[in-house]
Amino acid sequence: MFRTIRTRIIVIASAVVMMTGMLAIFGGGQAFAINPAAQICRDNNPTGNICLNAWNSGPWVNVYTNMGATPNDKFSINNLNNGNTYLEFVGGGAWNGQCIGDSHNNQNEYFTSLDPCPTNSYSGGWGTNFKEEVCGEGDSFAFKNVHWGGYLQPSGSTNGSNFQLVGGKYCFTFFLPGDH
């Protein structure tokens, strides 16, 4: 009798573990993560491409309107256990490994710069935590800032315009090297 009960418990536990693994692999409501690096742009904008760029290798995150092999355009999107997402600059240089957040890591500055990244045990710099939202058919994503409540959005559409954390919903597409 105890063997039968033990066998049933093992079978049920195995099924739960397998389903958890399947949800992790196939999405099951999880945020989308891109690792390694991607170029993050809005390529269907009427005024042209608008891409995240760590201007001069950081610390500022500004608009760059070119796509392809562009310096300082590599970011990875990572997820935390609490459901938050962070955008890490992985393009090299002194600011490599820092994340998009509040300017100068100042809680009162909503324009973006690169700040310390959050981890599962550290909240990171001001404004570095986002909630990722699917746009349209699921082929693009918006990043709602946890600190400000607004979205990551450019302040303009020309090269060098700052990104800000207080805009309306703004959808980005990810381009892996060789996609353009």
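Treat the numbers as computed from the prediction; the structure is a model and nothing was measured.
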**Request:** Determine the minimum heavy-atom distance between E88 and C117, stating which atoms define it.
**Result:** CG-SG, 3.9 Å
**Message:** In terms of relative ring orientation, are F143 and F130 parallel, tilted or perpendicular, with 30° and 60° separating the classes?
**Reply:** perpendicular
**Side chain to side chain, L152 and T112, heavy atoms closer than 4.5 Å** = yes
**Message:** Could you check whether any side-chain heavy atom of K169 comes within less than 4.5 Å of a side-chain heavy atom of C135, counting everything from C-beta outward?
**Reply:** yes
**Shortest non-hydrogen separation from Y151 to E133 and the atoms involved** = OH-OE1, 2.9 Å
**Asked** Would a 4.5 Å heavy-atom cut-off, applied to side chains only, mark V63 and F163 as touching?
**Response** yes
**Asked** Run the side chain to side chain donor-acceptor pair (under 3.5 Å) check on N72 and S57 step by step: do they pass?
**Response** CA-CA 5 Å; N72 309 315; S57 297; 2.9 Å; yes
**Prompt:** I40 and F111: same hydrophobic cluster, using ILVMFWY side-chain contacts below 4.5 Å?
**Reply:** yes
**Prompt:** Taking C-beta and beyond as the side chain, do W60 and S103 meet within less than 4.5 Å on heavy atoms?
**Reply:** yes
**Request:** Look up atom OG in S76 and atom CZ in F89, then write down how far apart they are to the nearest 0.5 Å.
**Result:** 11.0 Å
**Prompt:** Does K131 NZ have over 12 foreign heavy atoms under 6.0 Å away?
**Reply:** yes
**Request:** Please report the C-alpha distance between N49 and T65 in whole Å, then the side-chain angles of each, then the deciding distance to 0.1 Å, and finally whether the side chain to side chain donor-acceptor pair (under 3.5 Å) criterion is met.
**Result:** CA-CA 5 Å; N49 301 323; T65 58; over 6 Å; no
**Request:** Find out whether P59 and Q98 are in side-chain contact, i.e. whether some heavy atom of one side chain is under 4.5 Å from a heavy atom of the other.
**Result:** no
**Message:** Would a single hydrophobic cluster contain both W95 and I100, if residues Ile, Leu, Val, Met, Phe, Trp and Tyr are joined by side-chain heavy-atom contacts under 4.5 Å?
**Reply:** yes
**Item:** side-chain contact (heavy atoms from CB on, under 4.5 Å) partners of T119, counting only residues at least two apart
**Value:** S121, Y122
**Complete:** Rounded to the nearest 0.5 angstrom, the CG-CG distance for N162 and N62 is 5.0 Å
**Request:** Show your working on ring pair (Phe, Tyr, Trp, His ring centres under 6.0 Å) between W126 and H104 and close with a plain yes or no.
**Result:** CA-CA 9 Å; W126 286 103; H104 299 292; over 10 Å; no
**Message:** Using the rule given for ring pair (Phe, Tyr, Trp, His ring centres under 6.0 Å), can you reason through F141 versus F172, listing the C-alpha separation, both sets of side-chain angles and the distance that settles it, and then say yes or no?
**Reply:** CA-CA 5 Å; F141 298 84; F172 294 93; over 10 Å; no
**Asked** Once you round to the nearest 0.5 Å, how far does CD of E132 lie from CG of L87?
**Response** 8.0 Å
**Fill in**
Heavy-atom nearest pair, Q107 first then W148, reads O-CZ2, 3.3 Å
**Y170 side chain near P154 side chain, heavy-atom distance below 4.5 Å** = yes
**Prompt:** Under 3.5 Å, side chain of N145 to main-chain N/O of G127, donor-acceptor pair present?
**Reply:** yes
**Request:** Start with the C-alpha gap between Y110 and D102, add the side-chain angles, then the distance that decides, and say whether side chain to side chain contact (heavy atoms under 4.5 Å, CB included) holds.
**Result:** CA-CA 5 Å; Y110 58 82; D102 292 8; 5.8 Å; no
**From CZ (R42) to CG (L52), nearest 0.5 Å** = 12.5 Å
**Message:** Could you walk me through whether I77 and F174 satisfy the side chain to side chain contact (heavy atoms under 4.5 Å, CB included) test, starting with their C-alpha distance in whole Å, then the side-chain angles of each, then the deciding distance to 0.1 Å, before giving a yes or no?
**Reply:** CA-CA 10 Å; I77 295 108; F174 312 118; 3.6 Å; yes
**Prompt:** CG of L165 to NZ of K144: how many Å apart, nearest 0.5 Å?
**Reply:** 13.0 Å
**Message:** Measuring from atom CG of N105 to atom CG of L114, what distance do you get when rounded to the nearest 0.5 angstrom?
**Reply:** 11.0 Å
**Prompt:** Could you walk me through whether S157 and I50 pass the side chain to side chain contact (heavy atoms under 4.5 Å, CB included) check?
**Reply:** CA-CA 7 Å; S157 59; I50 294 180; 3.8 Å; yes
**Message:** If we ignore hydrogens and angles and just use 3.5 Å, is the side chain of Q39 paired with the main-chain N or O of D73 as donor and acceptor?
**Reply:** no
**Prompt:** For D115 and S113, which heavy atoms make the closest approach, and how far apart are they?
**Reply:** OD1-OG, 3.4 Å
**Request:** Identify, with sequence neighbours excluded, every residue that meets side-chain contact (heavy atoms from CB on, under 4.5 Å) alongside N129.
**Result:** L80, N84, P118, V146
